[in-house]
Amino acid sequence: MKKQVSLILGVILMTAQVNILAAGDTFPKHEPYGESVGAMPGRVVWAHEPDSVEWDGIGYWWETNHFDESVIQNMVDSSIAKLGGKKMAAEGWNALFADRNERNGESGGYQKGEKIAIKANINGSAVMDNDTSGRTQMSYTNPVLLKALLVSLVTEAGAAPADITVYDVSRLFPDYMVQMCSEGILQGVHFVGRDNGRADESAPIVWSHKFSGKVNYLPTCVTEAKYMINLANLKGHSYGITLCGKNHFGSFINGNAMRPPEGANLHQWLTKNEMGIYSPLADLMANKHLGGKTVLYMLDAIICATSEGASITGSNSKWQQAPFHNDYTASIFVSQDPVAIDSVGADFLTNEPTIVGHNSAANDPTVENYLHEAGLAAKSPSGTVYTDSFGKTITTLGVHEHWNNPVDKQYSRNLGKNEGIELVMADSLEDRPELHTENGKIIVNNAAPNGMLLLTFYNSSVLVNVKTFQGDETIEVDVDKLVKDNAIDATNVKAFFWDLKSIKPLCNLLSLPLDNMEILPEEPITPERKNTITLTIHGQKFTVLLEENETAERFQKLLPMTIQMSELNGNEKYYYLPEQLPANAQNVGTIHAGDIMLFGANCVVLFYETFQTSYQYTKIGHIEDSSALKTAVGSGSVTVTIE
């Protein structure tokens, strides 16, 4: 419904939009400056899902019930996959880490135990005081997006929560954000603000231009990390534009705790309204510990602020330009090229009439100057020779250009050229793998390269044969022909599509008779087994008494399944389902060994210890006799069959 309304509004606003676009295309056109970088050089991935935001304008913008967490999680995972040129997020992360390592003279992807620092933009929180409630209408990193990024790092990239630090050493993180992003499977994630940031005095920032100001030190959470993620905001600013480059104004410590950029005397370079001058933003991006370690740049454009100090309301955060048409931006952008992603962000911002500084590029060329300096670097217009703060000269930080026009939004690589920016859309929810039948065939559309179609043949209830198939885009199996060619004596077949790397189901199970390929009716459930299911772990069976609720009913319909459950906290095993279940989370108080619960909307948790908790869960069921459960599940991941 929301997308249909958006399209209708688009037609209504079409005439006005033409005028907006004509007025907003302000940057001068030029060939790409610099050289593109990344696993897919110069690529910027844009995920736009209007259903990710359901805010009616009442209350604070950041309240988590205004966002669909599952949609935002898919936006993150699909964007990472697309940025790495892969189908799945795990493969995408591996490609991104491998590319970052290769550019640093190393090989391979992420290794367990390596530390990751995430620079969030918490500028609107605790601006003038020590209030950590987060109750402000000013902008800061979207909490649900931050959580989705962390979940992807843990579940898809393989990072341990204890090896991840989220930081902004000029601000204080809201308490609610810290709690939601460091509980459950994220327990152990660290947060570092100005109250606990510690300067590494062995790592002062060495600027490529001499000017007065305090000595600036990077925090230890940055210097100790092997990788960086730059999570910036897409928003207006009272002077220039604040994107990934300026996000690092919260990445150093000096004598001015609340205003380190002022203590460093940096703002003078952002208010001169000149082209061809030194840019401290280019220096920060060039720094060995900052840009030099960055594996991912991300722009939070879920809800955009008109400027850094403005209150976000339900009306002023809705954008007019296509494809938003007076709706929330509901987007994220990701790239490995810091110049390319800020170039794209600048194009969007300067073509939006609601943004402070709209159409001001000719009068305030701050961001344009930075992008020129960063792209050309060693041959910068200002003549500055930028270094990595350790003496190594930087030749280029990435590629800078502007789109062909605000309607098509295409860059050089989109137009078939070998250099420049490529802006591509992430796969939407509709692009996920789909398993169905058609004309006597079992078909998988949007098949992942690492996906496997598994067909299990049964004669009544006896397993008689198994066949597997793989493909890059579409997998089609003529079942009748397969049965005849292989002389399979079967009455029905079950079809599964699995991710071979994560051992996760990517589609719902199909159960079909072999005579007419129609979906079999659900097996009648007798009163004796209506509310029970069975878990098999290392050959040992456990009977589960299900709760009488919608969550348990929907979970039962997914069965049978064989899953790989991961270990957490020495008391539970967990597994992420490929789809959401209806949830009604409550404070359960005491967890009992044998409890099976739903965390969030798709994380199934099997507890093998009894303990107290403040977390909220939706109950699914309880193992009737759990005395042997702890021994059966062991201390690591475990394979569990549920039927």
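These numbers were taken from a predicted model, which means no experiment stands behind them. We use all heavy atoms of the structure for the numbers below, so side chains are in, but hydrogens, waters and symmetry mates are not.
Aromatic rings from Y328 and W61 are positioned such that their centres are separated by 6.0 Å or more. Aromatic pair W269/Y370: ring centres not closer than 6.0 Å. The aromatic ring centroids of H289 and F390 lie less than 6.0 Å from each other.
In this structure, a donor-acceptor pair under 3.5 Å is absent between the side chains of T329 and S331. Under the 3.5 Å distance criterion, with hydrogens and angles disregarded, no donor-acceptor pair is assigned to the side chains of D337 and S36. Side chains of Y386 and E373: a donor-acceptor N/O pair is present below 3.5 angstrom, by distance only. Judged by distance alone, the side chains of Y167 and S251 do bring a donor and an acceptor atom under 3.5 Å apart. Side-chain atoms of D168 and S170 form a donor-acceptor pair, as typed in the model, at a separation below 3.5 Å. Side-chain N/O atoms of Q187 and N569 include a donor and acceptor closer than 3.5 Å. A donor and an acceptor atom, one from each side chain of N265 and S212, are located under 3.5 Å apart. No side-chain donor-acceptor contact under 3.5 Å links T242 and E308. Side-chain contact of Y227 with N101: a donor-acceptor pair under 3.5 Å is present, judged by distance alone.
Distance alone, capped at 3.5 Å, is enough to place a donor-acceptor pair between the R43 side chain and the K82 backbone. A donor-acceptor pair under 3.5 Å is absent between the side-chain atoms of E368 and the main chain of M275, judged by distance alone. A donor-acceptor distance shorter than 3.5 angstrom exists from the side chain of T223 to the backbone of T220, with no hydrogens or angles considered. Under the 3.5 Å distance criterion, the side-chain polar atoms of K246 are left unmatched by any main-chain donor or acceptor of V367.
Listed by first then second residue, pairs satisfying salt bridge (Lys or Arg N to Asp or Glu O under 4.0 Å) with a partner in residues 204-226 read E106-K226, E114-K226, not counting sequence neighbours. Sorted by first then second residue, the salt bridge (Lys or Arg N to Asp or Glu O under 4.0 Å) pairs that include residues 63-72, not counting sequence neighbours, are E69-K147.
To the nearest 0.5 Å, atom CD1 of residue I122 and atom CZ of residue R171 are 10.0 Å apart. Atom CD1 of I80 and atom NZ of K86 lie 14.0 Å apart (nearest 0.5 Å). Between atom OG of residue S79 and atom CH2 of residue W46 there is a gap of 12.0 Å, rounded to the nearest 0.5 Å. Note: T165 OG1 to I229 CD1 = 11.5 Å, rounded to the nearest 0.5 Å. Rounding to the nearest 0.5 Å places CE of M138 at 6.0 Å from CG of N123. To the nearest 0.5 Å, atoms OG (S307) and CG (N316) are separated by 9.0 Å.
Under the 30°/60° scheme for interplanar angles, the aromatic rings of H209 and Y278 are found to lie parallel. Ring geometry for H48 against F324 counts as perpendicular: the plane angle is over 60°, on a 0 to 90° scale with 30° as the lower cut.
The two residues F211 and A264 have their closest heavy-atom pair at CE1-O, 3.3 Å. The two atoms that bring A148 and V76 nearest to each other are CB-CG2, 3.8 Å, heavy atoms only. Nearest heavy-atom pair, Y297 versus P338, reported as atom, atom and distance to 0.1 Å: CZ-CB, 3.4 Å.
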* Tell me, with the steps shown, if R135 and Y60 meet side chain to side chain contact (heavy atoms under 4.5 Å, CB included). => CA-CA 7 Å; R135 294 181 177 275; Y60 292 106; 3.7 Å; yes
* Could you go step by step and tell me if L153 and I118 meet the side chain to side chain contact (heavy atoms under 4.5 Å, CB included) rule? -> CA-CA 11 Å; L153 279 171; I118 301 176; 3.8 Å; yes
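By the 4.5 Å heavy-atom criterion applied to side chains, E31 and E419 are not counted as neighbours. Looking only at side-chain heavy atoms (C-beta outward), K235 and N121 come within less than 4.5 Å of each other. L172 is listed as a side-chain neighbour of R194, based on a closest heavy-atom distance under 4.5 Å. Using a 4.5 Å heavy-atom threshold, the side chains of I302 and I332 count as touching. Using a 4.5 Å cut-off on side-chain heavy atoms (C-beta onward), V45 and M75 make no contact. Contact annotation: the side chain of S317 approaches that of W55 to within less than 4.5 Å [non-hydrogen atoms, C-beta and beyond].
Other residues, nucleotides and ligands contribute more than 12 heavy atoms inside 6.0 Å of the CZ atom of R259.
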